[in-house]
Amino acid sequence: MGPATQQRHRTRPRVPAADKDDGGVRCEACGSGRHADELLLCDGCDRGLHIFCLRPILPRVPAGDWFCPSCAAAATTSSSAKSAAVVQTKMPKQFPLIQTKIVDFFKIQRRPAAVAADPPEGKKRKRKAATALVVSKKKSRKLLPFTPSEDPVRRLTQMASLATALTATGAVFSNDLTYVPGMAPRSANQSALEAGGMQVLPREDAETLSLCKRMMEQGEWPPLLVVFDPVEGFTVEADRHIKDLTIITEYVGDVDYLTNREHDDGDSMMTLLSAAPPSKSLVICPDKRSNIARFINGINNHTPEGRKKQNLKCVRFAIDGECHCLLVANRDISKGERLYYDYNGDEHEYPTHHFV
């Protein structure tokens with residue numbers, strides 16, 4: 001009887017007559033009071049949040065006390081003075097700043113410098129003309145490729161910072177979604193199953209994403225630095241100015257069914273497919289294979305502080321019939337600024353919607 005009592009206390013009572021919204025407690029993220037049995041009540045402030053509106057999502061109603069991100073963050077801040085000294089003693093061992101080791105770690109493909117440099121320049125010139133045409137005719141803007149740091153030593157430093165974080169967390173580098181035996185097969189990743197439909201990434205933007213991945217394969221790294229914070233742990237900072245609408249990274253990791261992760265308490269799990277039949281919903285699990293996206297923090301953008309800090313948009317797209325999740329700059333980002341995406345944002349919104 002204990003667990004049942006807790007669940008009734010922590011969620012709204014089942015609303016009769018086809019799950020109607022009766023105007024009571026509403027989800028802070030989506031504003032709806034529907035799906036009452038999945039609407040959690042914070043034990044700190046009594047505000048409501050759907051388990052599927054949280055970022056990362058919760059696959060089930062948790063047992064015991066639960067606190068919303070705002071209350072959890074306040075609790076973390078109040079206890080940080082006590083724990084900082086302990087955390088600081090666990091500073092990770094730095095990955096050696098040796099080119100051969102970094103090249104091997106990220107499996108960078110070596111090509112002659114002139115060959116590697118010419119295509120991106122040509123691509124950029126072509127995109128610039130095309131973007132100007134689209135802006136004038138369609139009143140919309142296209143996604144931009146990242147601009148690497150010019151200094152090759154600085155790029156090595158950026159890569160070494162990510163290698164340090166991955167090594168410390170026991171993960172290996174991957175820049176693509178991975179499908180492993182015992183989890184969801186690639187055939188399960190079908191954007192057509194998305195409840196309400198999924199927006200298709202325009203061809204030109206898909207080419208830009210491919211360009212970014214090719215650049216990384218050749219050692220042209222995005223200007224990002226993974227740093228260790230005694231309170232937040234590993235987090236990511238911009239290592240040079242980043243323009244609005246720049247592709248930061250794709251969120252990658254092992255793909256699994258949401259139902260297989262009901263007892264997974266990982267804080268980095270990301271929605272990939274929210275299917276009409278819930279049994280076909282998929283999540284990205286970056287605990288074993290991942291890239292820098294794993295270390296970018298989500299933030300509650302329904303608070304004034306959260307809206308001020310948020311500088312990335314998390315959006316899901318269909319590419320060749322498969323679901324993908326991208327982190328894109330939603331404003332200009334200054335060097336040294338930490339990156340935050342909206343974990344409770346509308347993943348169906350195209351980032352350009354805010355800038356037209």
Please check if [X] and [Y] belong to a single hydrophobic cluster, counting links between Ile, Leu, Val, Met, Phe, Trp and Tyr side chain heavy atoms closer than 4.5 Å.
{"X": "I102", "Y": "I292", "answer": "yes"}
{"X": "L162", "Y": "L156", "answer": "yes"}
{"X": "L273", "Y": "M183", "answer": "no"}
{"X": "L97", "Y": "V226", "answer": "yes"}
{"X": "F228", "Y": "L225", "answer": "no"}

- Task: Start with the C-alpha distance between D287 and S268, add both sets of side-chain angles, then the distance that settles side-chain contact (heavy atoms from CB on, under 4.5 Å), and finish with yes or no.
- Result: CA-CA 8 Å; D287 52 325; S268 299; over 6 Å; no
- Item | Reference residue D254; test salt bridge (Lys or Arg N to Asp or Glu O under 4.0 Å); the match among R261, K288, R289 | R289
- Message: So, applying salt bridge (Lys or Arg N to Asp or Glu O under 4.0 Å) with E337, which one of R240, K308, R331 is it?
- Response: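 Only one of R240, K308, R331 forms a salt bridge (Lys or Arg N to Asp or Glu O under 4.0 Å) with E337, namely R331.
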- Query: Of I299, L312, T249, which is the lone residue that meets side-chain contact (heavy atoms from CB on, under 4.5 Å) with L339?
  - Reply: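 Output: one option passes, namely L312.
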- Query: Given P145, which of I247, L211, T246, L209 fulfils the side-chain contact (heavy atoms from CB on, under 4.5 Å) condition?
  - Reply: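 Of the listed residues I247, L211, T246, L209, the side-chain contact (heavy atoms from CB on, under 4.5 Å) partner of P145 is L211.
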- Task: Would you check, one step at a time, whether the test side-chain contact (heavy atoms from CB on, under 4.5 Å) holds for I242 with I248?
- Result: CA-CA 9 Å; I242 297 176; I248 301 300; 4.0 Å; yes
Any side-chain heavy atom of [X] sitting closer than 4.5 Å to one from [Y]?
{"X": "H241", "Y": "K335", "value": "no"}
{"X": "L282", "Y": "L193", "value": "no"}
{"X": "Y257", "Y": "P185", "value": "yes"}
{"X": "S161", "Y": "V227", "value": "no"}
{"X": "P223", "Y": "F146", "value": "yes"}
{"X": "E250", "Y": "L177", "value": "yes"}
{"X": "T169", "Y": "F295", "value": "yes"}
{"X": "Y251", "Y": "L272", "value": "no"}

[atom2] on [Y] to [atom1] on [X], rounded to 0.5 Å:
{"X": "L49", "Y": "E28", "atom1": "CG", "atom2": "CD", "value": "6.5 Å"}
{"X": "Q190", "Y": "C323", "atom1": "CD", "atom2": "SG", "value": "9.0 Å"}
{"X": "R294", "Y": "C285", "atom1": "CZ", "atom2": "SG", "value": "11.0 Å"}
{"X": "L258", "Y": "T271", "atom1": "CG", "atom2": "OG1", "value": "7.5 Å"}
{"X": "N260", "Y": "S281", "atom1": "CG", "atom2": "OG", "value": "12.0 Å"}
{"X": "N189", "Y": "I319", "atom1": "CG", "atom2": "CD1", "value": "10.0 Å"}

- Examine distances only and state if a side-chain atom of T208 and a backbone atom of L144 form a donor-acceptor pair shorter than 3.5 Å.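 No.
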Compare every heavy atom of [Y] with every heavy atom of [X], then report the nearest pair and how far apart it is.
{"X": "M215", "Y": "P148", "value": "CE-CG, 3.6 Å"}
{"X": "A293", "Y": "L327", "value": "CB-CD1, 4.1 Å"}
{"X": "P222", "Y": "M216", "value": "CD-CG, 3.9 Å"}
{"X": "I108", "Y": "G219", "value": "CG2-N, 3.5 Å"}
{"X": "Y340", "Y": "N311", "value": "N-OD1, 2.9 Å"}
{"X": "Y341", "Y": "C314", "value": "CD1-CB, 4.0 Å"}

- Query: Which residue pairs pass the ring-ring contact (aromatic ring centres under 6.0 Å, His included) test with at least one member in residues 184-221, sequence neighbours excluded?
  - Reply: F106-W221, F173-W221
- Start with the C-alpha distance between D332 and D244, add both sets of side-chain angles, then the distance that settles side-chain contact (heavy atoms from CB on, under 4.5 Å), and finish with yes or no. CA-CA 4 Å; D332 285 354; D244 174 19; 3.3 Å; yes
- Message: Would you say that more than 12 heavy atoms from the other residues, nucleotides or ligands in this model lie under 6.0 Å from the CZ of R47, or not?
- Response: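 Check fails, neighbour count at 12 or below.
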- Query: Do other residues, nucleotides or ligands put more than 12 heavy atoms under 6.0 Å from K243 NZ?
  - Reply: no
- For the pair E217 and N175, evaluate side-chain contact (heavy atoms from CB on, under 4.5 Å) and give the outcome as yes or no after the intermediate values. CA-CA 9 Å; E217 290 172 355; N175 211 27; over 6 Å; no
- Under the salt bridge (Lys or Arg N to Asp or Glu O under 4.0 Å) criterion, do E207 and R203 qualify, and how do the steps go? CA-CA 6 Å; E207 291 175 353; R203 179 182 58 82; 2.9 Å; yes
- Task: Enumerate the residue pairs fulfilling salt bridge (charged side-chain N to carboxylate O under 4.0 Å, His left out) with a member in residues 151-172, sequence neighbours excluded, ordered by first and then second residue.
- Result: R154-D239, R155-E220
